[in-house]
Amino acid sequence: MPVDPSPSAPAPSDFIRDIVAGHVAEKLYPKIVTRFPPEPNGYLHIGHAKSICLNFGLAREHNGQCNLRFDDTNPAKEEVEYVDSITADVRWLIAGWADHCLGFKPKGAHPARITSAGQPDFFLGPVPADAPNSEPFFASDYFEPLYEYAVELIRRGQAYVCDLTAKETDEYRGAPDRPGRESPWRNRTAAESLDLFNRMRAGEFPDGARTLRARIDMASPNVWLRDPLLYRIRHVPHHHAGDKWCLYPLYDYAHCLSDYLEGITHSVCTLEFEVHRPLYDWILGSLGLPRPLPHQYEFAKLNLGYTIVSKRKLLTLVNEKIVTGWDDPRMPTLAGLRRRGIPASALRAFVTGVGVTKFDSVTEVAVFENAVRNDLNASAQRRLAVLRPVKVVLTNIPAGELIECMATNNPQSDTPTTRPLALTREVFIEADDFAEAPPPKYFRLKPGGEVRLKYACIIKLDEIVKDTAGRLVELRCTADLTTRAGGPNVARKVKGTIHWVSATHCLDAEVRLYDRLFNVAEPDADGKFLDHVNPHSLEVVTARLEASLARATPHDRFQFERLGYFDLDPKDSIPGRPVFHRTITLKDTWTKV
RNA sequence: UGCCCGAUGGUGUAAUGGUAGCACAAACGACUCUGACUCGUUUUGUCUAGGUUCGAGUCCUAGUCGGGCAGCCA
């Protein structure tokens, strides 16, 4: 299905959108509220883009809202650096598309005590993300209400403090095909659990000494229902909550209640949480909460060919110095993709086109590359640049003469603009565009052959000059200036048209040529992804660029004609010393011999 | 081998009991001052076996294959 990347494009339907549309039709909720809940323990990657586009897409399609919430219940693994990078990545990805749906909260706000349906309740509503003094949501802002809910669970006999060690807890849990055993502490009184739970919070016990557990069913075929842990003791300060707590909730307990506190209607997550859904429902159902409960829906995460997205493995690439950092343009992180020049709109079109299902599939990189080229083809300014220069002397043009040629900036534009190019006696052409012994069907420069210099004129190769070692020094050609635009022979056809730059009116620049990081489609299929790293994923050349590129800014997207899409590296470029890099090559149907 | 989930061309998806369609990829052709773009043509598919039905990719049963689940991670 063709995907219109414009901000108003309708999204194709999928099973989750169908469910939500059904709820909207039934007027089940006054407003659709979703959330994107990353843990701040790493960088966002292309897989997260799918989740972000689904959750924000749902919100924008129904005039709803999507909260950015940090699922920060494990202080040992989390850092503010990640909070900041994730926030920036999300804003970048949805900018101009769903930023009006991004739900933030007033800075420092915690859930308020309210009354719902005559019952005491907690709630934390959103403010627009562009409101002054706003910030994302944090699960760690909910520790107080979460604690009160836990107390309620204990009072209701639905939770108890357990003194088993981690190892014992494991043994008691049993196995998927073998029922567990009940903890000896399972039946202690609510009063005793309450007292202990309070003292756990007060810091009376060391890490791991006791836990709070839900009292469900140790014989359940679903191991997540075998009295799962709700709280553990961790004497560690928290990056957002400070040193207020030494008692931290676990994911299953915190997540469903965080959803409830924010008034989430649809809690969309990936397939591995499917077996957790009964627990999600159990916790919310056990508390007699007064407002409508959120529900969890699961979809298959994105798998992309030639790519790995596991945070731990990505970190290995960084630590082993296989890449220069999390934002290396070869990384599948949002920071890396952004730095590489991939437009957010291309990423959105890609993940939208992939669809949403429960089938664990692997998407071919070609689909991603197509989305990028499709986007850039429409928007990128065309420029001429020569990556591997070969000197050409146009013997019938006097030295010092400058012939101005007009080049089109973007032929895809409805109203294309032009810019001048300097044609001079000496020019550079691409080494690939000359062959002394050409293969069959070679359209470019060959002995005695003709080729058009794009936007200029047709030239004929007269002489190949080599040094005594047999190395190519220069090509001497005759320019047919009557074939220039406006000339009498413009219409004369030759089979090949090549790019070029003036040798005297050009700019030298470092250009980084990136290729895929792995040379097999499923790098981790054998668990040895490091063995499949592509040793040629980066090639650095000193290229000759047309003079106008001196005015490039990191915001500009260029197509170097016949080569690919390039832009200024936003990190390593300095004024006067630009570094360009290749976002992606042009599709090449000419099979190299 | 306990429980949960899934299976439509090479890949990803659509079809909500009624003509198996789209995108990417591939092949061929047209066009071309980018071997790009665009356009045209073509190849390739409902996991298996039963059942329900006038009619099944869709519903039911069984099987096969694949994925997930036994962190005091999320």
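Chain A is the first sequence line, chain B the second, and so forth, proteins listed ahead of strands; every chain is numbered from 1.
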- Pair A/Tyr280 and A/Phe273, ring centroids less than 6.0 Å apart: no
- Item | Distance flag, aromatic centroids of A/Tyr251 and A/His255, threshold under 6.0 Å | yes
- Item | Separation between the P atoms of B/C24 and B/G40, rounded to whole Å | 12 Å
- Roughly how far apart, to the nearest Å, are B/U11 and B/A25 at atom C1'? 7 Å
- What is the distance from CZ of A/Phe299 to P of B/G12, rounded to the nearest Å? 17 Å
- Once you round it to whole Å, what is the distance between C1' of B/A25 and CZ of A/Phe368? 17 Å
Within the structure, does a side-chain N or O atom of [X] lie under 4.0 Å from either OP1 or OP2 of [N]?
| X | N | answer |
| --- | --- | --- |
| A/Lys441 | B/G35 | no |
| A/Ser361 | B/U13 | yes |
| A/Arg173 | B/C72 | yes |
| A/Thr589 | B/A36 | yes |
| A/Thr73 | B/A74 | yes |
| A/Lys495 | B/G35 | no |

- Message: At 4.0 Å (heavy atoms only), tell me whether A/Lys454 reaches a base, stays on the sugar-phosphate, or touches nothing.
- Response: base
- According to the interplanar angle, ranging from 0 to 90°, do the rings of A/Tyr297 and A/His23 count as parallel (below 30°), tilted (30 to 60°) or perpendicular (above 60°)? tilted
- Under 30°, 30 to 60°, or over 60°: which ring-plane class applies to A/Trp245 and A/Tyr147, parallel, tilted or perpendicular? tilted
Hunt down the Watson-Crick or G-U wobble partner of [N], both distances under 3.5 Å, from any strand shown, or write none.
| N | value |
| --- | --- |
| B/G21 | B/U13 |
| B/U58 | none |
| B/U52 | none |
| B/U46 | none |
| B/A74 | none |
| B/U38 | B/A30 |
| B/C69 | B/G2 |

- Tell whether A/Arg444 reaches the base of B/G35 with its side chain through a donor-acceptor pair below 3.5 angstrom. yes
- Message: Check this for me: does the side-chain of A/Glu272 come within 3.5 Å of the base of B/G67 through a donor and an acceptor?
- Response: no
- A/Phe359-B/A7 aromatic stacking (under 5.5 Å, under 30°): no
- Item | N-O pairing of A/Arg582 and A/Asp567 below 4.0 Å | no
